[in-house]
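Quick notes on the structure that follows.
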Amino acid sequence: MPKRTDIHSVLIIGAGPIVIGQACEFDYSGTQACKALKEEGYRVVLVNSNPATIMTDPEFADRTYIEPVTAECTEKIIVRELEEMKRLGVTGKLVLLPTLGGQTALNTAMALTKSGALERYGVEMIGANAEAIQKGEDRQVFKDLMISIGLDVPISGTAHTLEEARAVAESIGRLPLIIRPAFTLGGTGGGTAYNREEFDELSKRGLELSPVSEILVEESLLGWKEFEMEVMRDRADNCVIICSIENFDPMGVHTGDSITVAPTQTLTDKEYQIMRDASFAVIRAVGVETGGSNIQFGVCPDTGRMVIIEMNPRVSRSSALASKATGFPIAKIAAKLAVGYLLDEIRNDITRETPASFEPTIDYVVTKIPRFAFEKFPHADPTLNTQMKAVGEAMAIGRTFKESIQKCLRSLEIGRSGLGGDGKPWRIQGDMLDDRGPFPKDLLIQRLSVPNAERIFFIRHAFRAGFTIEDVFQLTKIDRWFLTQLQEIVALEEELAALKPAQGAQSAISNV
Amino acid sequence: MNRELLAKAKSYGFSDKQIAHLTGTTEDAVRAERKQTGLIPSFRLVDTCAAEFEAYTPYFYSTYDRGDDESTPSTKRKIMILGGGPNRIGQGIEFDYCCVHAAFALKEDGFETIMINSNPETVSTDYDTSDKLYFEPLTLEDVLHIYEREKCDGAIAQFGGQTPLNLALGLQANGVTIIGTSPQNIEVAEDRKLFSAMLEKLNIPQPSNGTATNETEAVAIAARLGYPVLVRPSFVLGGRAMQIVYSDVELSQYMRFAVEASPERPVLVDKFLEDATEVDVDCISDVGQFEDPAQGTTVVGGMLEHIEFAGVHSGDAAMVLPPHTLSQKVIGVIRDYTHAMARELKVIGLMNVQYAVKGDTVYVLEVNPRASRTIPFVSKAIGVPLAKLAAKVMAGQTLTALGFTQEIWPTYWAVKESVFPFNRFHGQDILLSPEMRSTGEVMGLDADLGVAYAKSQIAAGSPLPMGGKVFISVSNAHKRELAAIGKLYVDLGFELVSTSGTAAVLMEAGLKVQKVHKLSEGRPNAIDLLKNREIQLVINTPSGQTPRSDEVKIRTTAVYTNTPIMTTLSGAKAAALGIAALKRAGYAVRTVQEYYPTEVARPGTGK
């Protein structure tokens, strides 16, 4: 199918200011979309209030509104642009592309749909339709849909009041429980409740913060393995997996706060194929006709039970990572699919030979590690949970997981040159501990069992203190394969340290 | 060292630094030994197809799983651009914006551009931003491999924030040509002693100050300067651990627990100028290219006046471009000082200066001869891509040749507002301080200053209310201005709510006030009203250096209930201005293409 010729102008909604959970990945995706649509000859209209973005440079769109990204303001822009198009004597349509500006853009588009503005002005939404967004974003609707196509989901229920929330908790029957507010960014206001008091507190906060006063109360999958699939689909129902991602940190830590690895490292081919098929089933059922989606899975390490956790019917933080990890420009392709192209009609820039319908294959390991800023918020709780707290991330590529993770750790700009052995001391509650010195056992246990920004470094300390892989697994539930890799790095560190000459002796290097 | 073990360590991802520390030698020695035995990484392609098809976009990573090397350096003139690494508070998207512009500019000028960065969220790591992309850590070791492999002609370290700047001297010592302002001159601005000497020579005032390497020295300096003083560690971005202290006790506490002071990393102690107006200036200069600096050109890109008084980190402050209260005289002084410092530091590229204005005296607080956080904002406000022009200047062009020799003073207003992550960090007080905590920014543009401010608040997610109740509670120091502020809101149709002390002052001025209990006086109190959404705006200024727990509760409840809150009187005044403007005529939208003048050729845009 060729591109649509009935469209004259495309209004792209940007993500607005950088906030936790919505960072410059949406400048990356928006910039790609602007370029792709201009390349196709469309007039591009953009709204984004963030002046620090490349996409708001005057060259990237024909009409750049550095104005608030709200429904009211976007409506003013639509009115103005329709007048402008009339003045120019244009016959084509103005359409709205809301899937490249994160949750902000999606929420703005949904508000314009609900208020009837889009219908009133005859503005079509491309890239995703309101119904699909609703199905993907409304947690209860999504879960019912998943069950109807034979997929498993965590046991849960939605609530609009504290009483309803308590009733759902009663029916699930056990704590801990996860509380997730509907339609909030990066899980804002969500959390894990371990007791009734905490449950009431989190439920109330979630209801307050959800723009539709709705929360999902869900069985806890703490300790389960977590995976993500980046999927794309076109109008002819071709589907491809761009990238599979495995979370190093098990469920309970927000994906944005987890160390993640691509491709998946601990799935068998059979398990991977089941997940791939399920991903296609999900994107079809939700009805994302064109573009990318991100689907999250949980897998019980003991029983192998696989559940669908959620899907984002839009380009997400993980899409940016998947694009960089594979070289496949998801946002650019999503923009082209939105205006009518099919995956097999879009050429892959990198090979110039294969079409975008070829699933990328990678022969290396990609690691992403989040960057936190707890030092700026000394009074806040530094525990990682389902509400994202990372302010940035680093990514590294290597031929093995070991090479990749150590490169990534030294990319973090936290003064570390790898997993350990760089000499930088640890400051723990006012005490300075030597990087290769002994660490108190109770400290190690606490730092392994409660997810925190520095847990990976404490895994090293634990191995150095004689913890076994099984000990560390029981405390962290991090897959034993990852732990084995880290233990091998620690073993080599010890081998290197053994070369250090005793005080006063000559350097090991000159003694070759 | 055993070559096999060294090779294994490298393939396990160990950095030279780790190996050096573990084996008791130096990073340089490990590097020398590796090079001697030919143990260097090979570069592989990210090609979507596991090498099954030929790849055309040069996107690389390094590995010690050696064998095939897929990077073939060209013989073109090459410039390496060092990115900013992971985003964090104080170093965000602004620096990525600058690096992307450097790539665009140098491509236009016929250079091959080589980008290095480790941040997957960015545009700089898009494979078609630069000619070659290396997705690698920004460390001395990794950068040198690429520079040497590609045989680059130069590297840009002043665009990626603190990360590449920290590498600049080490890179230079290893044969890398750093283009633009010399790292030595960047150092002059960072080194307190050299910097003070420079200002003295140029006869430019700065707040009295000193440098302390321990607690005793710090206390002695503070005694000489008089409290309050501003303390901070040297060599940090984003105001990490920057604080205003009011007493010996606070200062001792700070020196003991907040910083690790040492002779190499001293703590800077400055006299704090209370109630001064801060101004950020970004300029571009090519003077360093000329034997006689007088032949070069320096152009101020923009002056940003802070809305909050001095003491709020410039990354967190709301700002207005052009300045809305400064006199022409003060603006002239700021311009002169900026030009003089650019000449003295032989700047080639960008320079940011922070000034504090008290009365007619202009003090220099800080100079950074490199791309600053405000470069994208200023560029968007005036319609000239400063980072792009600066990259061209660094690569040898002059501003005269580029056609940018005149300042641009817009006839509209651009307001910058910051966005904070307080809703993620429950229990954290939200007061603005010298330590930066915002994650992002927005811009409000309009011909009317009030509307521009109101737009910035809408964009930042806390739209100004058009009516309802304002809860006012201010510190004793601010009581004399209280009545004026109260009247502003009453005139706009708001009802005032206060606790007894404040209410008495307002009533004395003839204003009607609804009294509400203090938290300790019983219920319903201010927090109940906030939770019931009966308050539409909170004006709450801190009572002193140690805020009362009542205040903190009110402020955090405002965040949690998403009620707009102003923690400075200047913010409250700006809000009133914005509300008045919106009430008058609402707001309209306009494209930047319409804001920028079309009749004047805009440099660096190809138009």
Side-chain angles (χ1 to χ4, degrees), chain A residues 17-20 23-25 28 31 49 51-52 54 58 63-68 76-77 320-321 324 326-328 350-353 360-361 363 371 373 376-377 379-380 389 391-395 397 399 402-403 406-407 410-411 413 417-418 421-423 489 492 496-497 499-500 507-509, chain B residues 1 12-15 17-18 21-25 29 33 46-50 53 55-57 59 61 63 65 85-89 92-94 97 100 118 120-123 125 135 137 139 163 376-377 380 419 421 424-425 427-428 437 439-443 445 455 458-459 589 591-593:
Chain A
I18 305 292
V19 293
I20 290 177
C24 60
E25 63 268 18
Y28 164 63
T31 302
S49 55
I54 289 291
R63 306 268 288 169
T64 310
Y65 288 93
I66 302 188
E67 300 282 4
K76 283 177 196 272
I77 291 167
L321 182 71
K324 300 293 163 71
T326 58
F328 187 101
I350 289 192
T351 62
R352 294 186 193 167
E353 197 175 326
T361 314
D363 54 357
R371 174 65 155 81
K376 298 272 183 180
F377 306 95
H379 302 294
K389 297 192 177 88
V391 293
E393 60 193 35
M395 178 184 113
I397 312 175
R399 287 287 283 185
K402 294 188 192 84
E403 184 172 57
Q406 289 232 74
K407 279 176 83 176
R410 71 173 181 262
S411 300
E413 296 291 322
S417 302
D422 52 24
I489 295 176
L492 190 63
L496 290 167
L499 297 179
K500 188 170 184 169
S507 120
I509 292 275
Chain B
M1 199 201 302
Y12 273 33
F14 278 86
S15 61
K17 231 181 185 163
Q18 281 168 292
H21 183 78
L22 287 167
T23 59
T25 174
E33 177 171 344
V46 171
D47 61 3
T48 75
C49 59
F53 297 90
Y56 294 90
T57 45
Y59 168 11
Y61 67 96
T63 176
D65 167 38
N87 281 2
R88 53 262 198 207
I89 290 175
I93 184 173
E94 301 83 5
Y97 169 93
V100 170
S118 58
E121 303 175 322
T122 56
V123 180
T125 52
F135 210 107
T139 67
T163 301
F377 182 90
K380 295 285 157 72
V419 176
R424 303 272 164 163
F425 299 99
Q428 180 72 44
R437 289 184 302 187
T439 53
E441 68 188 85
V442 293
M443 178 184 236
L445 280 172
K455 279 184 176 179
I458 299 171
V589 293
T591 66
V592 295
Q593 287 85 359

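Computed from heavy atoms alone, side chains included, the values below leave out hydrogens, waters and symmetry copies. In what follows, every chain begins at residue 1, and chains take the letters A, B, ... in the order their sequences are listed.
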Original post:
Does B:D47 reach the side chain of A:T351, with side-chain heavy atoms less than 4.5 Å apart?
Top reply: no
Subject >> Top contributor to chain A contacts, counting heavy-atom pairs under 4.5 Å, from B:G92, B:P86, B:C49 >> reply: B:P86
Subject >> Part of A:T326 within contact of chain B (heavy atom distance under 4.5 Å) >> reply: backbone
Subject >> Least distance between heavy atoms, B:P376 atom then A:A52 atom >> reply: CB-CA, 3.6 Å
Original post:
Of all of A:G392, A:A320, A:P68, which one pairs up most often with chain B through heavy atoms under 4.5 Å apart?
Top reply: A:P68
Subject >> A:K376 NZ to B:R437 CZ distance, which is reported to the nearest 0.5 Å >> reply: 8.5 Å
**OP:** Go through B:I89 and A:F377 one step at a time and tell me if the side chain to side chain contact (heavy atoms under 4.5 Å, CB included) criterion holds.
**Re:** CA-CA 11 Å; B:I89 290 175; A:F377 306 95; 3.7 Å; yes
Subject >> Separation between CE of B:M443 and CD of A:E67, rounded to the nearest 0.5 Å >> reply: 10.5 Å
Original post:
Measuring from A:Q406:CD to B:F14:CZ, what's the distance to the nearest 0.5 Å?
Top reply: 4.5 Å
Original post:
With chain B, which of A:D363, A:L492, A:I77 has the greatest number of heavy-atom pairs at distances under 4.5 Å?
Top reply: A:L492
**OP:** Nearest 0.5 Å please: distance from the OG atom of B:S15 over to the NZ atom of A:K407.
**Re:** 12.0 Å
Original post:
Is the closest side-chain donor-acceptor distance between A:S417 and B:Q18 under 3.5 Å?
Top reply: no
Subject >> A:D422 vs B:H21 side-chain heavy atoms within contact, under 4.5 Å >> reply: no
Subject >> Which portion of A:A497 sits near chain B, non-hydrogen atoms under 4.5 angstrom >> reply: both
Original post:
Which heavy atom in B:P137 sits nearest to a heavy atom in A:S411, and how many Å separate them?
Top reply: CB-OG, 3.2 Å
Original post:
If you round to the nearest 0.5 Å, how far is CD1 of A:I54 from OH of B:Y97?
Top reply: 6.0 Å
Original post:
Taking C-beta and beyond as the side chain, do A:P51 and B:E441 meet within less than 4.5 Å on heavy atoms?
Top reply: yes
**OP:** Examine distances only and state if a side-chain atom of A:R410 and a backbone atom of B:G13 form a donor-acceptor pair shorter than 3.5 Å.
**Re:** yes
Original post:
What option among B:S118, B:P120, B:P421 has the most heavy-atom pairs under 4.5 Å with chain A?
Top reply: B:P120
Original post:
Taking A:S49 as the fixed residue, which of B:V419, B:V442, B:L445, B:I458 is the one that meets the side-chain contact (heavy atoms from CB on, under 4.5 Å) rule?
Top reply: B:V442
Subject >> A:F328 side, atom CZ; B:T48 side, atom OG1 - distance, nearest 0.5 Å >> reply: 8.5 Å
Original post:
Given that the side chain runs from C-beta out, which part of A:E353 has a heavy atom under 4.5 Å from chain B: side chain, backbone, both or neither?
Top reply: side chain
Original post:
Are the side chain of B:Y59 and the backbone N or O of A:K324 linked by a donor-acceptor pair below 3.5 Å?
Top reply: yes
Original post:
With only heavy atoms counted, which part of A:A373 is less than 4.5 Å from chain B, the side chain, the backbone, both or neither?
Top reply: side chain
**OP:** Determine the sole option in A:R399, A:M395, A:E403 for which the side-chain contact (heavy atoms from CB on, under 4.5 Å) test with B:Y61 is passed.
**Re:** A:R399
Original post:
Distance-only, no hydrogens or angles: does the B:T23 side chain make a donor-acceptor pair with backbone N or O of A:K500 under 3.5 Å?
Top reply: no
**OP:** Count the heavy-atom pairs under 4.5 Å between each of B:V123, B:V589, B:V592 and chain A, then report the option with the highest count.
**Re:** B:V589
Subject >> Any donor-acceptor N/O pair, B:Q593 side chain to A:T64 backbone, under 3.5 Å >> reply: yes
Subject >> Within-4.5 Å side-chain heavy-atom neighbours: A:C24 and B:N87 >> reply: yes
